[in-house]
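Take a look at the structure below.
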Amino acid sequence: MRRAALAVLATIVLPGPLRAEDGGLASVQRGYAVYAQVCSACHSMRSVTYADLSGIGLTPAQVRAVASAVSVPDGMGPNNKPKRRPGRPDDHLPIPFATPEAAARANNGAVPPDMSRLALTLAGGPAEIEAILNGYADPPPGVSVPPGSYYNRAAPGGVIAMPPPLQDGAVTFAGGQTETVPQMAADVAAFLDWAARPHHAERTRIGVGVVLYLGFLAALLFFLKRRIWINAKQRR
Amino acid sequence: MTARLEPGPEQPEGMLPSTVDRPAGERFGHAPTSPLPPESAPLLRWIDARLPVISAFRREYVDYPMPRNLNGLWNFGAFVTVALLVLLLSGIFLAVNYTATIADAFNSVEAIDRQVPSGWLVRSIHMGGVTMFFAALYIHVWRSLYYGSYKAPRELLWLTGMVLMAICMGAAFAGYVLPWGQMSFWGLTVAMRALSSVPLVGTPLAHWLLGGALADVALHRIYVLHFVLAFSTLAVVGLHVMALHVTGSNNPLGVEVRKPADTLPFHPYYTVKDGVGLALFALVFAVLIFFLPGWLTLPDNYLRADPLSTPADITPEWYFAPFYAILRAGGGIGVPLAALSIAVLFVLPWLDRSPVRSARFRPWYRVLLPVAVLSFVFLGVAGFHQPAGLWLLSSRIATAIWLLFFLLGLPLLTRFEPRRALPEGIA
Ligand code: HEM
């Protein structure tokens, strides 16, 4: 009975993308490709390291390969020239602009938010991210869009400072295939959901065990208590 | 059994303070003895004779007489104690990975959540522990209110409890600043503004606490404050339980224990009862941290503190929400009102002079106390809403009910409330 209830609970709280184990992880991994090839041009993800990507199912070798493909600043060389080296697993994902001011200058005055926790802090969460990526359209008659902004059905107020980031086929995936905008939007939303709550699946798995254990313990103690308190009646 | 030794020349009686509890001749010159039963292990008796912690433990936690009619609300003191210990322990593990600088505080907390092995779990336990702690604490206080546990001779027990509550609120507030997210920063800003508004002492005090601007110095001091306050509770809990064991526990009938048959030894009766309670408490705790992690903190605190962007609404943690609502509903006198709303609890034993303890035998108190407490709970809800329109009006009414209940209601009840006949004894 309790186990059945927990199974139901687990299906409710498990994150959508990770629920169907492998198919789900594949989507999250494709989402990382979308982030790395498109979003990361403007959005940082400061808190996440390459090693963290083992959480979306990359093997240690894959993590090393992904990390070493980028070149990261490595202090100053002999003649005071900035040095660079290949990335390592414990490096954080690269930051596209040196300062918030530089980010604003490159983006019509708006600073692209960091994406480490975006799926938690953006009202509407991952669904809103997906909706915004799918929400670009020609403005309906009567809606005026200020220069440097874009009409977007899902954005609050109908306008957004981010130019449409995705086009069909914009991202090339591991097998060489491409995808449509709605598919990429779903994948990157799943990836950002993982990044915002990286331990959600593990949390649920451990939680089921802990709750079962404590439930059993409570039941045992309850029966022990009843037996001990029978004597209390005789102590009057 | 106790061989009397000749007092040595190095213990002249005249040099002892005259206030020692036993005449010097009794204290000195004896072979040490232990009140443990002769059949206990010789090593334990040897230790206990020199440092009587084992017999003290037996006296206070094994044979200790408890009223036999305690209900489940008497479990909550144990819950609060355990929650406090969990907080201290998990806090140590967080502290070794935390950096108290403006530049790195947020990053170090993100690293705990993401890169430190099991860091996310320890942090969840710490954050969930705070909620479990305050939930248990508020129920513990409710129990004491309902059954009149604050009345003579338990006034100092009640006061040590209130001191604990004040310390823990300070520690919780300081702790919430540490991750240096948006709510940390803006919550601190609101609190410092409130403090600075106190006439004369406010501004110098805020300056002394935080060293002017909200910079590294301030965060560092808040970090020190956080764990100093947190660990200092241990000593006050010691005093609290010491005071409790002088008078013994109150009980749902509010009449004192009269004869041995009214009592049961703490062990095994209340150890096993606390055991069941603690297992259930841990179960709720586990459901919170494993299945409802979204309840642990406000999402906005996952945004790095930004002094240039004020959040749309600055909301407190739930356990501060009633006080925050009073603060905002009070307008110009919000700060003194919020302080008063806690201060009335400190002087409660002297506001309510009715000789009857338990609400069961106080027909009016039994109705008015829940009204006042529900107003307070309502203020907790109001704390999450902008103080305008109906929320503002109802917050003001609820604040008035809470304060009037203590300042006016209780003194009046003391004089005019009809009394029901008290039972002879509890067994
Ligand atoms: C860190 C906070 C606290 C801890 C660890 C703590 C712990 C305890 C424990 C273990 C007991 C005995 C078990 C029980 O009666 O539930 C107790 C009793 C009591 N506590 Fe606390 N307490 C705390 C805060 C408070 C506060 C805030 C108050 C109220 C102002 C309070 C008032 C009392 C009273 C009046 C009793 C005796 C109750 C009775 O025997 O009826 N305590 N406390």
Heavy-atom pair of closest approach, residues A:Gly215 and B:Leu283: N-CD1, 3.6 Å
Under 3.5 Å, is there a donor-acceptor pair linking the side chains of B:Arg114 and A:Ser116? no
Between A:Ile228 and B:Pro268, the two heavy atoms sitting closest are CG2-CG, 3.8 Å
Rounded to the nearest 0.5 angstrom, the NZ-CZ distance for A:Lys233 and B:Arg68 is 9.0 Å
Within residues 82-101 of chain A, which positions have a heavy-atom distance to chain B below 4.5 Å? A:His92
Answer yes or no: is there a side-chain heavy-atom contact under 4.5 Å between A:Leu214 and B:Phe285? no
Contact leader toward chain A among B:Gly277, B:Gly294, B:Ala279, where contacts are heavy-atom pairs under 4.5 Å: B:Ala279
Answer yes or no: is there an ion pair linking A:Arg117 with B:Asp113, defined by an N-O contact shorter than 4.0 Å? yes
Hey, are the side chains of A:His199 and B:Pro293 touching, using non-hydrogen atoms and a 4.5 Å cut-off? no
Count the heavy-atom pairs under 4.5 Å between each of A:Leu220, A:Val210, A:Leu118 and chain B, then report the option with the highest count. A:Val210
To the closest 0.5 Å, what do you measure between CD1 (A:Ile206) and OG (B:Ser118)? 7.0 Å
Spacing of B:Asp274 atom CG and A:Leu221 atom CG [to the nearest 0.5 Å]: 11.0 Å
Shortest non-hydrogen contact from B:Leu280 toward A:Ala218: CD2-CB, 3.9 Å
Relative to the ring of B:Tyr270, is the ring of A:Trp229 parallel (under 30°), tilted (30 to 60°) or perpendicular (over 60°)? perpendicular
Salt bridge A:Arg46-B:Glu110, side-chain N to carboxylate O under 4.0 Å: no
For residues A:Val211 and B:Phe290, determine if any side-chain heavy atom of one lies less than 4.5 Å from a side-chain heavy atom of the other. no
State, yes or no, whether a side-chain contact exists between A:Glu202 and B:Trp120 at a heavy-atom distance under 4.5 Å. yes
Closest-packed option against chain A by number of heavy-atom pairs under 4.5 Å, given B:Leu278, B:Ile289, B:Asn301, B:Leu121: B:Ile289
Closest non-hydrogen atom pair between A:Ser47 and B:Gln115, with its separation: O-NE2, 3.0 Å
CG-OH distance between A:Leu120 and B:Tyr302, expressed to the nearest 0.5 angstrom: 6.5 Å
